[in-house]
Protein chains: 2
Amino acid sequence: MVGKRPTISDIAKAAGVSTGAVSYALNNRPGVSEPTRRRIMDIADRLGWVPSSAARSLSDGRANAIGLVVDRPARVIGVEPYFMQLISGIQGALAGGPTSLLFQVTDNSAAELAAYRRWWGERRVDGVLLVDLVQNDPRVELVRELRLPAVVLGEPVVPDLPCVWTDDELAVAEVLEYLVALGHRRIVRVAGPTRFVHTQSRSRAFTAAAARLGLPDARVVHADYSDEAAARVTRRVLTSGVAPTALVFDNDVMAVSALGVAHELGLSVPDQLSLVAWDDSALCRLVRPALSAVRRPIAERGAAAVRLLLDVINGGPPDQVKTSDPELVPRSTTTHPPTT
Amino acid sequence: MVGKRPTISDIAKAAGVSTGAVSYALNNRPGVSEPTRRRIMDIADRLGWVPSSAARSLSDGRANAIGLVVDRPARVIGVEPYFMQLISGIQGALAGGPTSLLFQVTDNSAAELAAYRRWWGERRVDGVLLVDLVQNDPRVELVRELRLPAVVLGEPVVPDLPCVWTDDELAVAEVLEYLVALGHRRIVRVAGPTRFVHTQSRSRAFTAAAARLGLPDARVVHADYSDEAAARVTRRVLTSGVAPTALVFDNDVMAVSALGVAHELGLSVPDQLSLVAWDDSALCRLVRPALSAVRRPIAERGAAAVRLLLDVINGGPPDQVKTSDPELVPRSTTTHPPTT
DNA sequence: CGTTATCCGTTAAGCGCTTAATTACCCTAC
DNA sequence: GTAGGGTAATTAAGCGCTTAACGGATAACG
């Protein structure tokens, strides 16, 4: 094979028909007879023809691509396996189809907005995935203004925006009930940044469950997902006032970081302190003691979001899809509280 | 702003000139007077004009995109921070320019080849990045056959292919010298899969340095980067025959996994066993004891590769660029061997 | 047997942009 | 006064594909 790509007019010439006929044949549309269609298709793949995405986009207005931009500082993004797993799921749903993934990571919200706007302007994407929604997220307004099909990965907080969500609140309750069943009464949740919708939703669920279970000392503190911030916050929580006996984190990195802090303070885990991580990961499995964690179906989320987005692009309804439920994976960082 | 995107003919109409003039003005080419150019540009950004990538691609043959496909099973890819850091670097070099990143993860080599071939056929990318080169890599032949500009992230093993590489051999020697200086004589390298060129190159360097330093017991064993395989291999190495006093791993996950195995075997790290991880990462920092590791400039590699690729696409020479050198970051998993 | 429908295929316009070729005009030079 | 040379614009073709609109057979129908 040489470096020259065949076009439909090469095929047309070879088959002795017009390019129109070729187009109809190749797209499985009526207008050509079965024998002709077959002949055309044979020639097409003998020539190794592949449609030019540019030409196709230009004439039918479809980009055959979807976009994902993740706005996390480089420092943090490398650490969490979350995004790679998400992308795995996304690719799974994309595989086989004609759609590609445009991926961008930015380090501030303005750049993220600019990326979406540019992709839209350049007609590079047919739709986008939105992750890490925040309160009054400017992206929501943007995609609406641009009429850019979008699917949110997260709770259905925006009424008419399609989304794929996981019942975190259920999981929060489950974790709390589990800890209470073990005998814990003083439990602190070390959450991610307040601005994220999912942070708020989990915190709300945490507070509600704590009230229901009668835990006056339950409270929420915040860090920024980084190990440094988590260490700082954890240190403070464990050393000031009456210390909790169990900590629930919003990601795996912070939980691992806390493991280090506990060690540094001479607290043995889980005997003197129980820990629960949020997204389960190899990190949780590998660390000693292995972390008890809440496992969410991340790849499933990605795949579902892609399917939904493709539907919406094709004019489907803006459904709000729920994934399977998270599950608590108890390992070696949770046990009864010390009997003081 | 509405959902309709302005085209150059809208601008032309508004400015009272032809679309040709608009094109010349917008691309900063001669053919229009300064005042006219200014007027056109003003109108263009008042209208919020953004060039249609499809139209541009179609007429100038440029896709303004580069592609990256990573072929690692989903199980493994989420774990290593390597790729996210790489992507961070890539984005950094892409930021501001007109080029986007097409990203795909596949779970077998055939799918990876198919992805490249399809992107080429669809004229979706102007060039691609190649990671994890293997011996007689079919991708090398493919990009040559397709005349698809490509940059290898790895050692310059293919003469005429541009690449960005890091002097791993130097780092391997440094690690070995360091361990020998601490007193170690029995050192085992737990490498990644043999097929990777970088695995082979590091192993060669390891063997050479070991010979030079007079370490007859130095040897290389292989795992597949996963924690399970690493655990298996490590367990075997530590329990059969005369056990090594130091282990050098090819990634961070395997090293962490070995930490668990050592613990399980009742070997204290670093007193009875020293460990060195290859790519440094938050994982290495967070784990207790914190892992000594070799830090490579990963984001720098990504950025350099992008710059080189863009050069090559523009007809530049197929340079072979060397990044800054890796550095050994000693932490808490390396010390003198036990004095048996 | 003339009239419709039906099927198969062609024609040509158009998607938004680039760019070679061309025209129109103004200056300068001889 | 006119040839020559810039400069500033327009024209139009073309990139590869889709798709309305159209045309020419052939089959079906009364």
Side-chain angles (χ1 to χ4, degrees), chain A residues 3-41 43-44 47-65 98 118-126, chain B residues 3-41 43-44 47-65 98 118-126:
Chain A
K4 225 54 222 118
R5 279 153 288 197
T7 71
I8 55 165
S9 82
D10 296 324
I11 299 176
K13 216 167 299 165
V17 296
S18 69
T19 61
V22 173
S23 176
Y24 289 130
L26 259 18
N27 292 306
N28 278 312
R29 316 168 57 90
V32 287
S33 65
E34 237 354 272
T36 316
R37 178 191 309 280
R38 225 179 273 295
R39 190 158 47 91
I40 291 177
M41 301 193 87
I43 295 178
L47 260 44
W49 177 84
V50 177
S52 149
S53 72
R56 203 162 247 186
S57 297
L58 194 53
S59 75
D60 73 3
R62 279 292 186 89
N64 283 320
R118 189 178 126 217
W119 280 346
W120 170 82
E122 294 180 334
R123 298 145 177 86
R124 260 191 204 265
V125 298
D126 298 319
Chain B
K4 224 55 220 119
R5 280 154 286 197
T7 72
I8 54 166
S9 83
D10 296 325
I11 300 177
K13 215 167 296 166
V17 296
S18 69
T19 61
V22 173
S23 176
Y24 289 130
L26 259 17
N27 292 306
N28 278 310
R29 317 168 59 91
V32 288
S33 64
E34 240 350 277
T36 315
R37 179 190 308 281
R38 224 180 276 293
R39 191 158 46 91
I40 290 176
M41 300 192 88
I43 295 177
L47 259 44
W49 177 84
V50 177
S52 150
S53 71
R56 204 162 246 186
S57 299
L58 194 53
S59 75
D60 73 4
R62 280 293 187 89
N64 283 321
R118 188 178 128 215
W119 280 345
W120 170 82
E122 294 179 334
R123 298 140 175 91
R124 259 191 205 263
V125 299
D126 298 319

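Side chains included, hydrogens not; waters and symmetry mates left out as well; all remaining heavy atoms used. So you know, we letter chains A, B, ... as the sequences are listed, proteins then strands, and number each from 1.
Listed for the Arg5(A) side chain is no donor-acceptor partner under 3.5 Å among the backbone atoms of Val50(A). Checked by atom type and distance alone, the side chain of Arg56(A) never pairs as donor or acceptor with a backbone atom of Glu122(B) at under 3.5 Å. Remark: the backbone N or O of Ala25(B) is paired with a side-chain donor or acceptor of Arg37(B) at under 3.5 angstrom. For the pair Asn27(B) (side chain) and Arg29(B) (backbone), a donor-acceptor distance under 3.5 Å is absent.
Atom pair Tyr24(B):OH and dA8(D):P shows a separation of 13 Å (rounding to whole Å applied). Rounded to an integer number of Å, the gap from Arg39(A) CZ to dC8(C) P is 14 Å. At whole-Å resolution of the value, CZ in Arg29(A) and P in dC7(C) are 16 Å apart. Rounding to whole angstrom units, CD of residue Glu34(B) and P of dT7(D) are separated by 14 Å. Taking atom CD1 on Ile40(B) and atom P on dT10(D), their separation rounds to 8 Å, with Å as the unit. Separating the CD1 atom of Ile11(A) from the C1' atom of dT18(D) is a distance of 14 Å, rounded to the nearest angstrom.
Residues Gly61(A) and Asp126(A) approach most closely at O-OD1, 4.2 Å, considering heavy atoms. Here the closest heavy-atom approach between residue Arg124(B) and residue Ala63(B) is recorded as O-CB, 3.1 Å. The heavy-atom pair separating Ile40(B) from Val17(B) by the smallest distance is CD1-CG2, 4.0 Å.
Within 4.0 Å of Ser57(A), counting heavy atoms only, lies no atom of the nucleic acid at all. Within the 4.0 angstrom heavy-atom criterion, no nucleotide atom of any strand lies near Val22(B).
Along DNA chain D, the nucleotide closest to Arg37(B) and the one closest to Leu26(A) are compared, and the more 5′ of them pairs with Arg37(B).
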Using a cut-off of under 3.5 Å, enumerate the N/O to N/O pairs linking the protein to nucleotides 15-17 of chain D.
unit_1  : atom_1 : unit_2   : atom_2 : d
dC15(D) : O2     : Leu58(B) : O      : 3.4
dC15(D) : O2     : Ser59(B) : N      : 3.3
dG16(D) : N2     : Ala55(A) : O      : 3.3
dC17(D) : OP1    : Trp49(A) : NE1    : 3.0
dC17(D) : OP1    : Ser52(A) : N      : 3.4
dC17(D) : OP2    : Ile8(A)  : N      : 2.4

Give every pair of a protein N or O atom and an N or O atom of nucleotides 22-24 of chain C that lie under 3.5 Å apart, one pair per line with the distance.
none

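Contact check for Leu26(A) versus Ile11(A): side-chain heavy atoms found under the 4.5 Å cut-off.
Take Thr19(B) and apply the side-chain contact (heavy atoms from CB on, under 4.5 Å) test, not counting sequence neighbours, and it matches Ile8(B), Ser9(B), Ala12(B).
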